[in-house]
Amino acid sequence: MRPDRRKFIQQTICAALGGASVYSALGQLQLLQAATRANYTFPPGDYKALVCVFLYGGNDSFNTVVPYTLSAYNAYYGGTGVRPKLAIPRANLLPLTDAANTSADGIQYALHPSLTGLQTLFNSGQAAIVANVGTLVQKTTQQNAWDAMNNNSGFALPPELFSHADQAAYWQSSPPTNQPLTGWGGRIADLIASANTGGAPIMTGLNGQDAFMRGLNVNGYTMNTVPYGAIELDFPYDASGPGLQTPFDALHLDGAQTNALERAYARTMNHSTGTASIMNAAMGLKDFSSSFPNSVGDLDAQLQTVAQLIYAANHPGSSGYSGLQRQVFFVSTGGFDTHSDELAAHGDPTTPGVLDLVSRSLKGFYDALASVGLQNVATAFTASDFGRTLTNNDNGTDHGWGGHHFVVGGAVQGGKFYGNGAGFSPQANFGTVMPSLVNPNTYDAITGMSLNLNDPGDGYGRLIPTTSVDQYAATLAKWFGLSDPDIGLIFPNLGNFDTKNLGFV
Amino acid sequence: MGLPLPLQRCFAAICMAALSAAASAQLSHAPDPLFHDGMEGIAAGPFTDSDAARFLAQATFGPTDTDIAHLRSLGYQAWLTEQFGAAKTLQMDYLDWISSAPRNEQIGQNNRQEAWFLGALGGPDPQTNSLIHNDQLRQRVAFALSEILVISDQNTELGLNGAAGMAYYYDLLIKGAFGNYRQLLEQVTLSPAMGMYLNMLGNRRADLASNVHPDENYGREINQLFSVGLVMLNMDGTPKMSGGQPIPTYTQSTITAFAHVLTGWNWASCDVSGYDEFIGCYTPYSTPADYLTPMVAYETKPANETGTDAEYNYHDNGAHADDLTGKQLLLYPGVAGGGVVPDGASRTAYADLTFALDNIYGHPNVAPFISKQLIQRLVTSNPSPAYVQRVATVFYNNRASATQLQSVVQAILLDPEARYGQWTNPDTYGKLREPLLALTHLWRAMNARHWCGKDIAFVKNVSAAAYYANPYRYAGYTTAWSTGGTQYQGIAQAPQDAFTVFNFFKPSFKPPGEMSTRGLLGPEFQLQTDSVIALSANTFRDFFIDPDLSDFCNPDNDPLGDVKIDHAADGALAPAALVDKYNRVFMSGQMSPFMRQTLIDYLSNIDSGWGSDWQMQRVSRALYLILTSPEYMIQK
């Protein structure tokens with residue numbers, strides 16, 4: 001049965017799960033049952049961490065990964081090119097060595113000048129670029145998208161494209177609804193929680209939480225970065241005399257209450273305090289500050305904290321932070337919604353901006369783990385609400401759809417492009433590799449519709465993803481150790497795509 | 001676990017006191033059994049302040065000494081009758097006031113929450129101070145209904161543009177809190193806020209050539225969450241079993257049938273131009289007033305269009321080639337028409353909606369499913385099956401009555417298990433207080449006011465801001481930022497702010513550990529994760545440890561202002577008197593001797609050596625210890 005065009009699409013999921021949508025109660029029951037009977041065990045020493053690096057606002061990856069081969073560069077940034085107002089001087093770009101020529105259009109690409117760390121990682125094979133990935137319900141051609149958006153064809157697209165909250169939610173949960181009950185990080189944790197013993201949190205967020213960390217069974221744990229750490233009860237400062245701790249502890253003494261709900265509440269409070277102590281002790285076992293010089297307490301501090309927690313998980317000693325074989329982390333930063341002043345927001349080596357933060361945070365993360373031989377255990381991946389328009393407005397870009405993302409870690413098969421390729425150069429035959437929604441360069445004056453659907457021109461140039469979030473996430477889940485049936489259970493739309501494992505890790 | 005037989009017949013204080021005379025030398029962690037009702041019968045009470053406070057903890061947003069005295073003077077029944085007749089506090093009245101001249105404020109979610117707090121806290125009206133809001137029971141029941149019939153500003157569109165629409169929706173719950181549930185279900189179904197939230201708005205009959213299929217979201221949730229639930233129930237709320245397994249209430253094809261019948265409804269304003277705009281009927285960003293009008297059916301040819309009615313009918317009535325014929329809705333003994341929606345070109349959308357709602361409402365599950373949840377929201381998480389049955393019977397017997405829920409609420413509150421249950425089952429009775437209820441309780445008991453600052457009003461089309469300081473507007477930085485946001489900020493809860501239609505917690509949640517092992521429900525525990533419990537406790541602490549009504553006010557430095565409590569009223573009370581007062585208003589007299597002595601011992605150390613504000617410090621720390629204590633947090 002072909003999927004419905006309606007915003008909250010259930011049909012596909014129904015078909016995939018034999019009648020029970022994963023977003024229905026029966027479907028949740030299936031997930032819960034799967035989680036209950038899941039019995040993942042991994043050999044001692046087999047530890048893995050998934051780190052989601054969410055860039056709120058929709059990063060303009062088309063000024064992050066850019067054409068470098070001269071003719072392509074000129075066609076891109078030249079006066080009559082695709083985005084002349086966002087041109088970065090070619091001499092400042094950081095060329096990528098794509099030895100296997102995986103960019104799909106035969107040209108060389110380069111990174112934004114601030115991404116020195118990511119350039120090093122890519123060129124040494126520790127980072128990969130997944131090109132033109134975004135939210136999709138199913139494979140979508142230019143005609144499919146045009147008909148759905150303009151002719152009410154009923155072809156299923158993700159709901160509320162170009163809306164920050166909806167697309168961020170979709171990226172993090174990948175359901176066909178913009179009211180996700182769970183995120184895919186949470187669903188992974190639900191299923192794989194059996195791999196961990198002890199009470200340390202399997203899922204930790206270092207900058208609040210979001211849908212990504214929402215599981216059916218598993219609760220995400222929120223904490224602050226170094227040096228603050230886990231959220232502890234903040235007793236009022238007692239100016240003199242005995243502190244509040246004594247009577248507080250007396251009232252929460254485990255098992256002393258005469259009502260079962262009271263006992264549960266006391267234990268919940270004590271467990272929170274205990275967990276906070278464990279988290280702070282774990283965080284303090286190792287100090288990776290030297291890998292994060294000039295930390296501004298943002299994404300850098302978050303990834304430093306994650307690295308320190310990963311160290312602790314692998315060297316628990318007698319601390320309570322033990323029994324961990326799989327962990328999911330969520331870190332994030334904002335400032336990517338660059339409708340204007342994009343070049344300044346992205347920054348440059350003289351005046352660092354958001355891209356510098358991303359690059360040195362990921363590089364510091366890799367280096368920190370590598371310094372203790374743990375570079376293979378963690379895979380960090382970027383995600384964002386959406387990419388942006390290929391074409392510029394005055395000095396910025398608008399909300400787009402597909403975009404490029406980085407995957408970083410020792411286990412990554414790096415130094416390559418994945419997905420259908422990053423090509424939007426003339427050599428890539430615009431639109432074949434990365435189809436745009438609209439070609440406003442050549443359009444019929446009466447209908448307003450593009451005559452050449454393959455030419456992004458200088459209008460909006462929103463690129464239709466050629467790789468879905470589901471495929472991206474499923475590849476990570478596979479590395480993480482989930483079985484194929486379980487991967488299919490938590491990504492019900494995965495069957496709509498040809499490749500379930502992109503192979504970048 | 002119950003009392004020995006002789007004691008079941010003896011509720012006089014003297015019997016219980018004799019039994020406890022043999023208590024150990026150590027202080028008991030259990031409430032003192034001396035404080036409970038006499039033998040005259042339930043409805044004749046309350047006879048003590050403690051029992052009055054217990055009742056008010058279930059029936060209001062928190063007892064105050066004034067309310068306790070008033071309840072004692074009236075007795076339960078007369079108090080209930082007074083509450084049933086009390087003037088309603090409607091959210092739209094408040095929003096209309098602040099959005100009109102001279103305030104001209106832009107309505108947003110913060111204002112909607114202000115309106116909610118006005119209803120929850122009661123007290124003087126900000127516009128007309130002599131008008132005192134006191135429809136506490138109605139507001140408490142509406143809040144309970146809002147946790148069953150869930151919409152949320154976490155929905156992007158509702159969050160951005162639907163504040164007034166959500167207030168209009170909440171007013172349906174307020175007006176319907178003592179009314180008929182079938183009628184409420186219909187009003188909720190046709191409200192644009194719900195239509196937006198669960199997609200019935202704009203849902204249309206199938207058009208197979210365009211691959212259009214009706215959306216199933218509302219059809220699913222109205223059954224699963226708003227009426228019958230997933231499994232067949234006995235009248236006592238326990239699941240019916242067959243071969244050791246629960247029996248599903250419906251199948252996927254039932255939901256598909258509901259999806260098809262709940263079609264054809266859209267914004268009221270979309271075809272006013274005379275042209276068919278059903279398909280192009282997008283969210284009217286510029287007309288939030290559309291949220292305040294029920295959805296209408298689109299089934300006839302608009303004035304300026306050509307063609308037949310059938311071509312402009314977006315409702316699946318079984319007559320179109322792509323329609324679903326013979327829609328099988330819920331099936332149960334005695335169901336009207338076998339639960340099959342009649343087909344026919346003359347079937348109107350409203351007639352079919354009526355059939356569908358009647359089909360749902362006639363299901364035997366509705367009475368126990370809704371009654372048990374209302375009991376859980378007001379009284380206790382683990383009601384006995386007999387208690388559920390007593391209340392569900394009242395729900396069912398009054399199913400056609402315009403005052404059905406009034407009878408249900410009375411049955412809930414005057415049931416012996418509500419009034420005495422904590423003595424017959426002291427180990428398992430009670431419910432964990434929700435953060436919002438704990439906050440309103442604190443603010444009511446401590447006479448909180450919006451203090452300092454100005455209510456900055458962004459006057460439409462005028463660049464200058466107008467300033468309105470108003471002690472009865474529960475607005476301000478603290479409220480907006482610490483009770484709003486998401487579940488991961490502040491106190492972790494705000495009205496109509498749940499992440500999903502499944503509310504902040506599921507009625508079936510059992511916290512891990514002892515309660516799960518013993519099969520005890522604790523829905524509210526689902527909200528209290530490791531980090532949330534600490535974060536929300538810290539936010540709570542910030543409400544009262546330092547801020548006070550007496551604080552120096554500089555509106556220019558604190559433009560939005562906070563809601564602050566009054567420490568001074570209790571500052572002069574010596575530790576024992578202070579603890580006893582808070583035992584009364586916060587814990588309904590059920591503070592254990594152990595807790596009482598622990599508090600008194602600690603508070604006795606606070607003296608003038610702490611500084612000039614030592615009395616306020618004493619009050620603050622008493623509040624901190626009580627409000628984070630297991631004995632308080634479990635409402636019994």
Side-chain angles (χ1 to χ4, degrees), chain A residues 2-8 10-11 14 19-20 24-25 152-155 160 163 165-166 178-179 181 201 208-209 214 219-223 230-234 236 239-242 244 246-248 250-252 256-269 271-273 275-276, chain B residues 29-30 155-156 199 207 210-213 215-217 220 224 230 252 279 381 426-432 488 499-502 511 513-515 518 520 522 525 528-531 533-535 537-538 541 545 595 598-599 602 605-606 609-611 620-621 624-625 628-631 633-634 636:
Chain A
R2 293 197 49 202
D4 186 331
R5 76 169 290 275
R6 292 298 307 175
K7 286 191 282 189
F8 299 82
Q10 305 284 350
Q11 302 293 347
C14 293
S24 70
N152 297 318
S153 68
F155 184 87
E160 307 298 341
S163 151
D166 293 272
N178 57 5
Q179 290 185 75
L181 183 60
Q209 292 200 26
R214 217 171 291 153
N219 289 319
Y221 187 81
T222 316
M223 61 185 285
I231 296 165
E232 301 197 26
L233 279 179
D234 187 11
S240 61
L244 269 178
T246 305
F248 183 90
L251 294 174
H252 290 85
Q257 301 77 29
T258 58
N259 172 284
L261 288 84
E262 287 177 22
R263 287 192 291 277
Y265 184 80
R267 286 179 179 135
T268 303
M269 184 68 84
H271 192 271
S272 168
T273 310
T275 305
Chain B
H29 288 249
N155 173 285
T156 308
N199 314 105
D207 178 354
S210 309
N211 269 308
V212 172
H213 303 271
D215 187 280
E216 296 185 354
N217 215 9
R220 173 171 292 105
Q224 180 181 338
L230 286 175
Q252 175 56 37
I279 293 179
S381 299
D427 188 51
T428 58
Y429 190 86
K431 61 192 278 288
L432 174 61
Y488 307 113
F499 277 130
T500 73
V501 69
F502 293 89
E514 177 193 352
M515 285 182 68
R518 293 174 64 183
L520 292 170
F525 280 91
Q528 302 288 3
T529 64
D530 273 335
S531 38
I533 194 175
L535 192 60
N538 290 344
R541 158 213 186 285
I545 285 295
M595 180 170 170
T598 303
L599 290 172
Y602 169 74
N605 287 299
I606 301 176
W610 282 52
S620 295
R621 278 147 184 73
Y624 186 86
L625 287 171
T628 57
S629 69
E631 287 189 35
M633 283 302 288
I634 306 304
K636 301 176 292 292

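Per chain, numbering begins at 1; letters A, B, ... match sequence-line order.
Only the backbone of B:Lys431 comes within contact range of chain A, with at least one heavy atom under 4.5 Å from a heavy atom of that chain. For B:Ser381, the part sitting under 4.5 Å from any heavy atom of chain A is the side chain, from C-beta outward, and nothing else. The part of B:Ile545 that comes within reach of chain A is its side chain, from C-beta onward, which places non-hydrogen atoms under 4.5 angstrom from that chain. Contact annotation for B:Met515: only side-chain heavy atoms (C-beta onward) come within less than 4.5 Å of a heavy atom of chain A. When heavy atoms are compared at a cutoff of 4.5 Å, A:Thr268 approaches chain B by way of both its backbone and its side chain. Within the 4.5 angstrom heavy-atom criterion, only side-chain atoms of B:Leu520, from C-beta onward, approach chain A.
Side-chain contact between B:Tyr429 and B:Ile634 is absent, with no heavy-atom pair separated by less than 4.5 Å.
Most heavy-atom pairs under 4.5 Å with chain A: of the set B:Ile606, B:Leu599, B:Thr598, this distinction falls to B:Thr598. With respect to chain A, the highest number of heavy-atom pairs below 4.5 Å among B:Gly513, B:Gly430, B:Ala534 belongs to B:Ala534. Of all the listed residues (A:Arg267, A:Arg263, A:Glu262), the one sharing the greatest number of non-hydrogen pairs under 4.5 Å with chain B is A:Glu262.
Listed for the B:Asn199 side chain is no donor-acceptor partner under 3.5 Å among the backbone atoms of B:Glu216. A:Gln257 places a side-chain N or O within donor-acceptor distance of the main-chain N or O of A:Leu251, the cut-off being under 3.5 Å.
Remark: B:Gln528 engages no residue in a side-chain hydrogen bond (donor to acceptor under 3.5 Å, both in side chains) (not counting sequence neighbours).
The CD1 atom of A:Ile231 lies 10.5 Å from the CG atom of B:Asp530; values are rounded to the nearest 0.5 Å. A distance of 8.0 Å separates NE2 of B:His29 from CD of B:Glu631, quoted to the nearest 0.5 Å.
A pairwise comparison of heavy atoms in A:Ala276 and A:Tyr221 identifies CA-OH, 3.5 Å as the closest pair.
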